[in-house]
Amino acid sequence: GPAVVKKKLVIMGKSGAGKTSMRSLIFANYTANDTRRLGATIDVEHSTVQFMGDLNLNIWDCGGQHKYLDSYLSEQKENIFGNVEVLIFVFDLETSNKESEYVLYDECLQNLGQFSRDAKVYCLVHKMDKIQDPEQKKTVIEAYRKTLIQRSSMFRPGVYGTSIWDHTLYKAWSEIVYTLVPNMAVIKKHLSNFCRLTDAAEVVLFERATFLVVCCTSGYDDEEPRLEKYMSVSQGIKLYRNSCADQMSPFRSTHIRTRAYSLFIEPFTKSTYILVISADPEVEPAVTKANIDAARAHFS
Ligand code: GTP
């Protein structure tokens, strides 16, 4: 098979911002409730996640207590900020000291500029569930975005509002991971062909373990499908899969028929699930399954 690509992803932010919570939700099947029991991270917690077969994500979850931060920014700086592919900085919406959070961000970016100047930076403004009003959410994110872009000089950070309580976390992480998957162009081409040949309305690939959206395509040329639509599917399937596991009947696949559509979610390759949406609610499940089986060969 293709050579394994290793990429280092660093998660940084103050203690209690929610770094370990989001990592556990995305990569370790925690529920949002489970995160209440998490203790503070001691120094750096390393984990390696096999993602889409040939991508190995090397995740550095950096504990945010002062004693650790001080050491990341001094004696450990080359170790922490060297060879970084992606830096994710988690801002706590409820921080007691916004300015010191920004200062920490500045210091991290200085070191990143020195040791990994080509890294990508993502800023997650986290715990957005603390704000109810959607308009106010937008205003808050825009204010962060403006400040962060000003402070980031040579880096152009992507800024997202996130919460472990809704699909926004999946949206941000799908966008992050999307840019890391090797051969995305090839995957996208195969997916479009499949969509066209089977007359599907839309086809979406999900990474198997995380259920993050990897790629999606629409059968209608004029419509560029938006990843966003499927983020709630990611969240929903993970919740569903957890409850299947609780009942000792592991989730395998599902078929949903509405008045207008037929939806199939099936295991696809070793590292993906596929969602096929057909605009014909009467489509024979066996036909769709056969199409999926036939397509599998091109992707494996
Ligand atoms: P350190 O390991 O000390 O650096 O902290 P951390 O950034 O890893 O924080 P952690 O993930 O341990 O989360 C701290 C608390 O925040 C936990 O009680 C979580 O349940 C809570 N939390 C995490 N994400 C969210 C969120 O999106 N909304 C709300 N309301 N609470 C959250």
Side-chain angles (χ1 to χ4, degrees), residues 8-27 30 32 35-36 38-41 44-45 59-73 77 80-81 84-113 116 119-177 179 231:
K8 175 176 168 185
L9 186 153
V10 173
I11 313 177
M12 196 58 87
K14 292 234 165 175
S15 185
K19 300 179 291 298
T20 307
S21 300
M22 59 172 72
R23 179 173 64 87
S24 310
L25 243 82
I26 299 283
F27 295 105
Y30 275 53
T35 67
R36 294 201 172 106
L38 286 170
T41 302
V44 182
E45 237 173 74
I59 303 176
W60 294 41
D61 177 356
C62 301
Q65 291 178 55
H66 283 295
K67 51 186 170 187
Y68 306 130
L69 292 175
D70 290 345
S71 134
Y72 305 152
L73 296 165
K77 62 184 178 184
I80 300 281
F81 294 98
V84 177
E85 191 80 22
V86 173
L87 176 81
I88 296 174
F89 195 102
V90 183
F91 289 87
D92 185 349
L93 192 66
E94 293 203 303
T95 181
S96 55
N97 191 341
K98 224 169 165 173
E99 186 50 33
S100 82
E101 209 176 25
Y102 280 133
V103 169
L104 174 62
Y105 177 72
D106 294 344
E107 290 171 331
C108 289
L109 256 56
Q110 271 165 25
N111 283 291
L112 199 64
S116 301
K120 295 187 203 78
V121 176
Y122 294 91
C123 297
L124 306 186
V125 182
H126 196 52
K127 306 190 185 174
M128 286 300 287
D129 54 280
K130 296 288 178 182
I131 303 176
Q132 300 290 319
D133 178 33
E135 283 307 311
Q136 202 196 334
K137 281 188 198 223
K138 275 191 208 156
T139 314
V140 168
I141 293 292
E142 272 321 305
Y144 268 99
R145 181 173 289 128
K146 216 174 138 206
T147 311
L148 286 168
I149 285 172
Q150 261 169 18
R151 295 183 91 114
S152 302
S153 63
M154 60 176 276
F155 294 98
R156 313 200 87 254
V159 181
Y160 296 92
T162 52
S163 163
I164 57 171
W165 294 101
D166 60 38
H167 69 278
T168 53
L169 189 65
Y170 290 88
K171 175 175 157 53
W173 277 87
S174 283
E175 303 264 353
I176 293 166
V177 163
T179 61
M231 304 307 161

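Count residues from 1 along the sequence. These numbers were taken from a predicted model, which means no experiment stands behind them.
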Exercise for review: List the atom of Leu124, the atom of Ala172, and the distance in Å for their closest heavy-atom pair.
Suggested key: CD2-CB, 3.9 Å

Point to revise | Contact list for residues 62-73, test salt bridge (Lys or Arg N to Asp or Glu O under 4.0 Å), sequence neighbours left out | key: none

Check your understanding: Any idea how Trp173 and Phe27 line up, ring-wise: parallel (<30°), tilted (30 to 60°), or perpendicular (>60°)?
Key -> perpendicular

Check your understanding: Given side chains that start at C-beta, do those of Phe89 and Val10 come closer than 4.5 Å, heavy atoms only?
Key -> no

Point to revise | Test item: Pro157 and Tyr105 side chains (from C-beta on) under 4.5 Å apart, heavy atoms | key: yes

Review point. Is any side-chain heavy atom of Val90 less than 4.5 Å from a side-chain heavy atom of Met22?
Key: yes

Review point. Are the side chains of Leu87 and Leu109 in touch, meaning some heavy atoms are under 4.5 Å apart?
Key: yes

Review point. Given the rule in the side chain to side chain donor-acceptor pair (under 3.5 Å) test, do Ser21 and Tyr30 qualify, once you have shown the distances and angles that lead to the verdict?
Key: CA-CA 8 Å; Ser21 300; Tyr30 275 53; over 6 Å; no

Practice item. Look up atom CG in Asp61 and atom OG1 in Thr41, then write down how far apart they are to the nearest 0.5 Å. Key: 4.5 Å

Exercise for review: Kindly compute the distance separating CZ (Arg151) from SG (Cys123), expressed to the nearest 0.5 Å.
Suggested key: 11.0 Å

Practice item. Apply the test side-chain contact (heavy atoms from CB on, under 4.5 Å) to residues Met128 and Ile141: give CA-CA distance (whole Å), side-chain angles for both, the deciding distance (0.1 Å), then the verdict. Key: CA-CA 9 Å; Met128 286 300 287; Ile141 293 292; 3.8 Å; yes

Review point. Donor-acceptor pair, Lys120 side chain versus Ile88 backbone, under 3.5 Å?
Key: no

**Study point:** Pairs flagged by side-chain hydrogen bond (donor to acceptor under 3.5 Å, both in side chains) wherever residues 133-143 is involved - sequence neighbours left out
**Key:** Glu142-Arg145

Review point. Are the side chain of Ser174 and the backbone of Lys171 linked by a donor-acceptor contact shorter than 3.5 Å?
Key: no

Revision key, fill the gap. Residues pairing under ring pair (Phe, Tyr, Trp, His ring centres under 6.0 Å) where one sits in residues 120-141, two or more places apart or in two chains, turn out to be none

**Study point:** Sub-4.5 Å side-chain heavy-atom contact between Glu107 and Leu69
**Key:** no

Review point. According to the interplanar angle, ranging from 0 to 90°, do the rings of Tyr102 and Tyr144 count as parallel (below 30°), tilted (30 to 60°) or perpendicular (above 60°)?
Key: tilted

Study note, to complete from the structure: Across all chains, not counting sequence neighbours, the ring-ring contact (aromatic ring centres under 6.0 Å, His included) partners of Tyr72 are none

Practice item. Kindly compute the distance separating NZ (Lys127) from CD (Glu94), expressed to the nearest 0.5 Å. Key: 6.0 Å

Check your understanding: Under 3.5 Å, side chain of Glu101 to main-chain N/O of Lys14, donor-acceptor pair present?
Key -> no

Review point. Which residues satisfy the ring-ring contact (aromatic ring centres under 6.0 Å, His included) test with Phe81, sequence neighbours excluded?
Key: none

Point to revise | Spacing of Ile11 atom CD1 and Thr20 atom OG1 [to the nearest 0.5 Å] | key: 7.5 Å

**Study point:** Euclidean distance, Leu148 CG relative to Asp106 CG, rounded to 0.5 Å
**Key:** 9.0 Å

Exercise for review: Sorted by first residue and then second, give each salt bridge (Lys or Arg N to Asp or Glu O under 4.0 Å) pair with at least one member in residues 157-167; sequence neighbours left out.
Suggested key: none

Exercise for review: Compare every heavy atom of Ala40 with every heavy atom of Gln65, then report the nearest pair and how far apart it is.
Suggested key: NE2-CB, 2.9 Å

Practice item. Of all the heavy-atom pairs spanning Ser163 and Leu169, show the shortest one and how long it is. Key: O-CB, 3.4 Å

Check your understanding: Quick one: which of Leu104, Leu112, Asn111 gives a side chain to side chain contact (heavy atoms under 4.5 Å, CB included) with Cys108?
Key -> Leu104

Point to revise | Non-hydrogen side-chain atoms of Val121 and Ser152 separated by less than 4.5 Å | key: no

Review point. Is Lys19 reaching over with its side chain to a backbone N or O of Gly13, donor-acceptor style, under 3.5 angstrom?
Key: yes

Check your understanding: From Asp129 CG over to Leu93 CG, what is the distance, rounded to the nearest 0.5 angstrom?
Key -> 8.5 Å

